Amino acid sequence: MDEYLKKISGPEDLKKLSTKDLKELACEIRSFLLEKVSQTGGHLAPNLGVVELSIALHTIYDSPRDKIIWDVGHQSYVHKILTGRHDRFDSLRQHGGLSGFPKTSESEHDVFQTGHSSTSISAALGMAQARDLLGEKHHVIAVIGDGSMTGGMAFEALNHAGDTGTDLTVILNDNEMSIAQNVGGLAAYLGRLRTDPKYFRLKEDVELIVKRIPHIGGKVLSSVDRVKDAVKSLIVPGMLFEELGFTYLGPVNGHQVEPLLGVLRGAKKIKGPVLIHVLTKKGKGFEEAECKPDVYHGIGPFNPESPPVGSKQNKVPTYTEIVSKTLVNAAKKNDKVVAITAAMASGTGLDCFEKEFPRRFFDVGIAEQHAVTFAAGLAKRGFHPVAAIYSTFLQRAYDQVLHDVCIQNLPVLFALDRAGIVGEDGETHNGLFDLSYLRHMPNMTVIVPRDEDMLQHALTTGLKHQGPVAIRYPRGKGEGVKLKKPKALSWGRGEEIRQGRDLQILAVGPFVYTALAAAEKLEKRGLSVGVIDPVFVKPLDAELITRAAMSARYGLVTLEEHVLAGGFGSAVLEFLEGNGITEVPVKRLGIPDRFVEQGKRDTLLEELRLTPEHIAAVCLEMTGAREQEMPWVQSVSE
């Protein structure tokens with residue numbers, strides 16, 4: 001077992017193997033992936049689908065001299081294995097371990113960091129143009145797929161690349177066969193013919209001869225071109241890419257090493273931009289993942305011998321499940337409620353909505369900008385769209401939220417899943433910036449429910465409001481509170497959860513429960529600490545915050561699972577200053593000015609000093625207590 005994998009310390013070792021050996025290596029890598037990802041969790045199905053493609057790329061090209069850029073990045077596990085990191089796979093997505101995405105600080109073979117989709121062609125074109133300006137000679141390859149071609153940025157880059165005419169190779173990893181199914185002898189023949197340099201020389205010679213025919217040469221050539229284009233449009237599946245200025249090769253079977261090696265060798269000889277269309281199957285080699293690629297796209301640790309079969313009954317629901325159930329019930333009562341996702345139907349819980357209301361459900365692909373303006377169009381005609389998008393992905397549609405929704409004050413409800421620290425997916429996926437980029441937009445309302453019960457009330461509130469509303473909620477299970485019948489919240493009003501005289505902790509979202517735990521610790525030290533849930537980050541409850549500020553002996557502490565810059569704490573400071581309340585001490589606790597890397601949430605919160613113990617220590621410091629009076633933080637390093 002692993003006879004060949006053990007021999008691979010870098011891409012140069014692949015070049016010593018025969019085609020038969022490479023096939024055996026592919027089998028070993030699939031077994032290795034299944035073993036390791038089942039232990040750590042991760043993006044299993046996408047990587048099982050690119051095993052042969054990754055092997056072929058590193059066999060033909062010379063990384064890191066040749067630049068290989070992986071779109072989204074979650075399909076780069078095999079690339080990592082082949083570039084000398086297979087012995088570290090036990091640490092995949094763990095704190096301080098291998099990233100689940102390309103990371104330039106991790107390896108010289110990771111030439112560009114990609115955590116969001118549809119960026120690879122733009123980055124690759126930039127690197128190709130830099131190569132040309134520097135007078136260097138190497139290849140630049142963008143590997144895009146797994147839905148990334150549905151993103152508008154990819155087409156913008158294709159359009160630009162075709163116009164520049166620079167040498168660039170784009171690999172379209174088509175694991176859904178969504179563009180063409182033109183496989184067989186004719187397609188293979190055309191691929192072989194068009195990778196042969198003699199084809200291009202013959203084409204140029206014929207054009208030169210025809211042009212020299214007196215009087216009619218130009219007209220003949222024009223007629224020939226029109227006929228040629230008409231015929232090509234019938235038999236060549238990549239005419240779209242041809243018209244954009246690319247030489248199209250394929251489709252090619254992405255699970256057969258020999259054709260992949262052949263088409264890549266041919267592509268290296270072609271001048272200008274080339275697009276290679278590779279057909280793969282997501283989850284290839286593991287039957288469960290092949291049948292359920294969405295389940296195994298990104299998955300937690302599991303037993304390969306007893307794969308996950310779905311949710312168990314009588315458990316604490318996730319926030320995503322609450323959103324799903326609440327929206328379905330709302331849509332039953334209101335036929336103007338529609339739901340939109342950007343290729344994340346199951347991830348955002350909208351797959352249940354799709355089953356109930358297929359005509360009122362819209363999956364727009366990985367295209368958040370389009371999703372938001374599309375929602376604005378629906379809202380303009382009287383519908384109430386719910387755009388369920390991960391917090392980190394809505395960042396891509398900032399301009400559309402501002403211009404197309406907020407300026408027109410349209411009733412679009414943004415359900416921001418995965419707000420806060422998401423854990424193992426790391427800095428590209430943490431939802432730590434949404435309050436900052438949303439609360440400064442006029443007409444926008446921002447609600448942060450503290451638990452699953454308040455989440456359903458927040459959604460009910462948002463669907464009644466005739467303007468834009470954003471509701472942020474975290475990944476994972478709720479707090480286990482009892483669910484009441486959904487009802488609208490009192491607009492702009494917060495809640496006093498615990499009374500206190502000495503200090504007031506204003507905490508947003510589930511951090512309310514963290515604040516309560518800190519307050520209980522402080523009570524044992526003789527301090528009376530109140531806890532306030534503002535519920536609404538915008539608009540703030542002016543009366544409640546003013547009362548808290550004026551009544552707290554030692555001041556206010558704000559607490560948020562969000563960056564401090566422009567977040568909830570900043571909103572409180574702005575409010576106090578704007579109302580002339582400037583003598584009240586305020587301590588803001590949240591995410592400092594740095595990116596938070598991967599790791600388990602509890603580990604990261606400890607590192608960020610956002611645990612009840614650390615919060616209690618900060619509160620004691622505000623009262624003038626010395627460190628010796630905080631025994632529970634004695635062992636924590638600064």
Side-chain angles (χ1 to χ4, degrees), residues 310-334 337 339 347-353 356 386 388 413 415-422 431 445-465 469-500 504-521 523 529-537 541 544 559-561 568 601-602 605 611-612 615:
S311 302
K312 296 180 181 179
Q313 299 298 318
N314 302 319
K315 67 178 183 63
V316 176
T318 65
Y319 287 94
T320 300
E321 288 169 344
I322 292 296
V323 170
S324 175
K325 181 179 178 180
T326 305
L327 291 182
V328 167
N329 290 336
K332 290 177 180 177
K333 301 173 184 177
N334 183 354
V337 173
T348 58
L350 292 186
D351 48 348
C352 297
F353 191 102
E356 290 277 351
V386 178
L413 174 58
L416 301 189
D417 205 328
R418 271 62 166 180
I421 295 172
V422 298
T445 296
V446 182
I447 308 175
V448 189
R450 64 178 174 265
D451 52 40
E452 60 270 39
D453 180 52
M454 182 169 280
L455 175 57
Q456 57 179 349
H457 303 321
L459 291 165
T460 302
T461 306
L463 288 172
K464 290 181 179 296
H465 184 61
V469 176
I471 302 172
R472 79 185 307 255
Y473 49 94
R475 179 183 190 175
K477 295 181 180 180
E479 299 293 328
V481 301
K482 182 179 179 181
L483 298 177
K484 302 172 185 175
K485 183 178 180 180
K487 63 178 181 179
L489 299 167
S490 297
W491 189 259
R493 301 302 298 271
E495 294 183 22
E496 185 178 40
I497 307 298
R498 176 188 175 118
Q499 293 184 337
Q504 294 284 355
I505 303 177
L506 281 64
V508 292
F511 262 11
V512 167
Y513 292 96
T514 307
L516 286 170
E520 290 174 4
K521 289 182 176 296
E523 185 178 22
V529 178
V531 175
I532 289 174
D533 178 4
V535 183
F536 288 77
V537 169
D541 187 334
L544 182 60
L559 179 61
E560 59 194 301
E561 196 168 337
F568 168 68
R601 183 170 178 274
D602 290 345
L605 290 177
T611 63
I615 294 163

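When reading the values below, keep in mind they use all heavy atoms of this one structure, side chains included, and skip hydrogens, waters and symmetry mates. Keep in mind it's a predicted model, so treat the numbers as computed, not measured.
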> Any side-chain donor paired with an acceptor under 3.5 Å for Thr348 and Asp417?
Replying inline: no
> Do NZ/NE/NH1/NH2 and the carboxylate oxygens of Glu321 and Lys315 come within less than 4.0 Å?
Replying inline: yes
>> Applying ring pair (Phe, Tyr, Trp, His ring centres under 6.0 Å), can you list everything that pairs with Tyr319, at least two apart in sequence or on another chain?
In response: none
>> Against His457, only a single residue in Thr460, Thr461, Asp453 fulfils side chain to side chain donor-acceptor pair (under 3.5 Å); can you say which?
In response: Asp453
Donor-acceptor pairs are to be reported for all side-chain atoms of residues 322-329 against protein atoms at under 3.5 Å, with residues two or more places apart or in another chain.
residue: Ser324; atom: OG; partner: Gly349; partner atom: O; Å: 2.9
residue: Thr326; atom: OG1; partner: Ile322; partner atom: O; Å: 2.7
residue: Asn329; atom: ND2; partner: Lys325; partner atom: O; Å: 3.3

>> Could you report the tightest heavy-atom contact between Pro612 and Ala518, atom names first, then the distance?
In response: O-CB, 3.6 Å
> What residues form a salt bridge (charged side-chain N to carboxylate O under 4.0 Å, His left out) with Glu495, not counting sequence neighbours?
Replying inline: Arg450
>> With a 6.0 Å cut-off (strictly less than), is the heavy-atom count around CD of Glu479, excluding the residue itself, greater than 12?
In response: yes
> Is Glu560 reaching over with its side chain to a backbone N or O of Phe568, donor-acceptor style, under 3.5 angstrom?
Replying inline: yes
>> Under the rule for salt bridge (charged side-chain N to carboxylate O under 4.0 Å, His left out), what residues qualify as partners of Glu356, not counting sequence neighbours?
In response: none
>> Could you work out, with side chain to side chain contact (heavy atoms under 4.5 Å, CB included) as the rule, every residue matching Ala330, not counting sequence neighbours?
In response: Leu463
>> Which residues pass the ring pair (Phe, Tyr, Trp, His ring centres under 6.0 Å) test with Phe536, not counting sequence neighbours?
In response: Trp491
>> Any non-hydrogen side-chain atom of Met454 less than 4.5 Å from a side-chain atom of Ile447?
In response: no
